[in-house]
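Let me begin by presenting the structure, written as structure tokens, before commenting on it.
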Amino acid sequence: MQSELTDQKNIRIIFMGTPDFAVASLDILVQNGYNVVGVITAPDKPAGRGLQLQQSAVKQYAVSKGIRVLQPEKLKNPEFLEELRALKADLQVVVAFRMLPEVVWDMPPLGTINVHASLLPNYRGAAPINWAIINGEKQSGVTTFKLQHEIDTGDILFSQSVDIRDDETAGELHDDLMATGAGLLLKTVQALASGNAKGTPQAHIKAEDIKHAPKIFKEDCQIKWEQPVEQIYNLVRGLSPYPTAWTTLNGKGLKIFKATREHATPSVAPGQVISDNKTYLKIAAADGYLSLLEIQLEGKKRMDIEAFLRGNKIN
């Protein structure tokens with residue numbers, strides 16, 4: 001049994017990912033003794049005031065563990081493909097990376113698997129964590145599946161659900177799913193390496209109204225105060241801490257990171273502000289108020305509402 005387990009861990013794995021979310025999955029493979037022969041991640045990008053080149057979170061981790069790193073600008077670049085083939089991977093793992101061309105995902109004999117932060121087939125797309133909360137879901141989860149031509153549509157290998165708390169933000173759910181996804185990836189790699197992974201085609205799953213998770217743009221983040229307060233509250237949670245729901249206050253942009261909602265018949269029109277200029281600031285919605293707790297006014301730092309009101313009086 002021990003030698004069989006050792007043989008499983010000798011499979012050659014290439015890991016593809018970029019942000020913090022992917023690091024936990026890479027780490028669990030390394031910590032469990034799997035043979036990660038290479039990491040593919042995004043090229044270094046200038047960031048910050050000095051526009052110094054910043055390495056991705058995955059690259060930083062890989063370098064610290066002495067794992068070879070490739071950073072192709074284009075995934076169909078012949079030199080990159082030659083380097084990829086030379087690594088002789090048995091399996092490729094993708095976590096929070098870009099779309100792969102077939103020449104890449106079809107390369108290893110065990111195929112390429114992806115860790116996706118939703119319970120597929122729902123919330124295919126770029127922002128599954130955000131959209132689950134924006135839509136008021138009570139449950140999310142993680143799915144591992146095999147890559148094929150259409151995005152997020154490959155055969156499902158394993159999935160695990162995670163409850164969404166009533167006050168949970170996208171940032172908090174991100175961290176929950178990051179840990180859950182790492183554990184599910186380990187289970188998936190173990191099953192594939194031992195030949196015990198059976199995929200379930202998504203086409204056979206009855207999902208008449210599949211919910212999608214497209215990329216989020218700035219206009220998607222603007223609060224529409226004529227909407228029900230519950231919908232606005234979910235938008236704030238689903239966009240916190242990034243890219244953040246916003247509105248305007250006295251002609252300036254106002255980001256809202258944290259808020260509570262109050263169901264009541266508003267005494268003012270939607271979008272109107274009510275404040276005692278000391279402890280609270282709330283904005284009317286269609287059927288209640290959104291009470292702001294943590295905000296950031298354009299040109300200012302993020303702060304709690306009492307600190308904000310000490311320096312900003314509301315008429």
Side-chain angles (χ1 to χ4, degrees), residues 20 47-49 123 126-140 162-178 213-315:
D20 286 330
R49 289 186 177 179
Y123 295 108
I129 296 173
N130 305 98
W131 284 109
I133 295 181
I134 291 170
N135 289 340
E137 301 288 359
K138 301 300 182 186
Q139 196 175 66
S140 181
V162 171
D163 291 337
I164 301 175
R165 300 190 316 274
D166 186 55
D167 62 347
E168 193 159 15
T169 64
E172 292 164 340
L173 181 58
H174 167 283
D175 292 348
D176 289 347
L177 295 181
M178 180 170 63
K215 185 176 179 180
I216 293 172
F217 297 94
K218 186 176 180 181
E219 54 267 29
D220 300 318
C221 303
Q222 184 174 11
I223 296 172
K224 298 175 178 61
W225 293 104
E226 65 277 7
Q227 292 178 338
V229 70
E230 192 72 20
Q231 193 171 335
I232 295 170
Y233 174 68
N234 290 340
L235 182 74
V236 170
R237 291 192 301 126
L239 297 174
S240 179
Y242 182 83
T244 325
W246 65 276
T247 186
T248 55
L249 183 69
N250 297 333
K252 290 188 175 181
L254 182 75
K255 292 182 177 181
I256 304 175
F257 294 93
K258 192 174 181 181
T260 57
R261 78 282 206 204
E262 179 184 332
H263 294 282
T265 302
S267 60
V268 294
Q272 294 295 304
V273 177
I274 297 177
S275 176
D276 65 354
N277 280 316
K278 291 181 181 179
T279 60
Y280 73 84
L281 187 160
K282 57 187 184 179
I283 304 177
D287 58 355
Y289 298 95
L290 192 76
S291 185
L292 312 191
L293 299 179
E294 289 183 27
I295 60 176
Q296 184 176 8
L297 190 65
E298 187 179 329
K300 302 288 185 179
K301 292 181 180 179
R302 176 175 172 174
M303 60 184 73
D304 65 48
I305 200 63
E306 290 187 12
F308 174 79
L309 289 172
R310 280 197 292 271
N312 298 271
K313 297 304 175 188
I314 307 300
N315 296 329

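Because the structure is a prediction, the values reported are computed rather than measured. Every heavy atom of this structure was used, including side-chain atoms; hydrogens, water molecules and symmetry mates were not.
The heavy-atom pair separating A127 from P214 by the smallest distance is CB-O, 3.6 Å. Taking each heavy atom of I256 and V236 in turn, the nearest pair found is O-CG1, 3.7 Å. T244 and K255 make their closest contact through CG2-CB, 3.6 Å (heavy atoms, listed as atom of the first residue, atom of the second, distance). Summarising the geometry of Y289 relative to S267, their closest heavy-atom pair is OH-N, 2.8 Å, with the distance given to 0.1 Å. The heavy-atom pair separating Q227 from I232 by the smallest distance is O-CD1, 3.6 Å. Contact record, N234 with G136: ND2-CA, 3.6 Å, taken as the closest heavy-atom pair.
A donor-acceptor pair under 3.5 Å is formed between the side chain of N130 and the backbone N or O of G238. When atom types are taken as modelled, the side chain of D220 and the backbone of F217 share a donor-acceptor pair closer than 3.5 angstrom. Between the side chain of E172 and the main chain of T169, a donor-acceptor pair closer than 3.5 Å is present.
One distance of note links NZ of K258 with OG1 of T260; it measures 9.5 Å at 0.5 Å rounding. The structure places CD1 of I164 at 5.5 Å from CD1 of I133, a figure rounded to the nearest 0.5 Å. Atom CD1 of residue I134 and atom OH of residue Y233 lie 14.0 Å apart, to the nearest 0.5 angstrom. Atom-to-atom distance recorded for I216:CD1 and Y242:OH is 9.5 Å, nearest 0.5 angstrom. In this structure, E306 CD and L293 CG are separated by 10.0 Å, a value rounded to the nearest 0.5 Å. Once rounded to the nearest 0.5 Å, the distance linking CZ of R237 with CZ of R261 reads 7.0 Å.
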Which atom pairs, donor and acceptor, lie under 3.5 Å between side-chain atoms of residues 278-287 and protein residues at least two apart or in another chain?
residue, atom, partner, partner atom, Å
T279, OG1, D276, OD2, 2.6
K282, NZ, E262, OE1, 3.3
D287, OD1, V229, N, 2.8

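L297 is not listed as a side-chain neighbour of N250, based on a closest heavy-atom distance of 4.5 Å or more. The shortest side-chain heavy-atom distance between K138 and D166 falls under the 4.5 Å cut-off. Side-chain atoms of N135 and Y123, non-hydrogen and from C-beta on, do get closer than 4.5 Å to each other.
Among pairs with a residue in residues 292-305, those fulfilling side chain to side chain donor-acceptor pair (under 3.5 Å) read E294-R302, at least two apart in sequence or across chains.
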Derivation and outcome, side-chain contact (heavy atoms from CB on, under 4.5 Å), residues E137 and L173: CA-CA 12 Å; E137 301 288 359; L173 181 58; over 6 Å; no
Would you check, one step at a time, whether the test side-chain contact (heavy atoms from CB on, under 4.5 Å) holds for W246 with L239? CA-CA 9 Å; W246 65 276; L239 297 174; over 6 Å; no
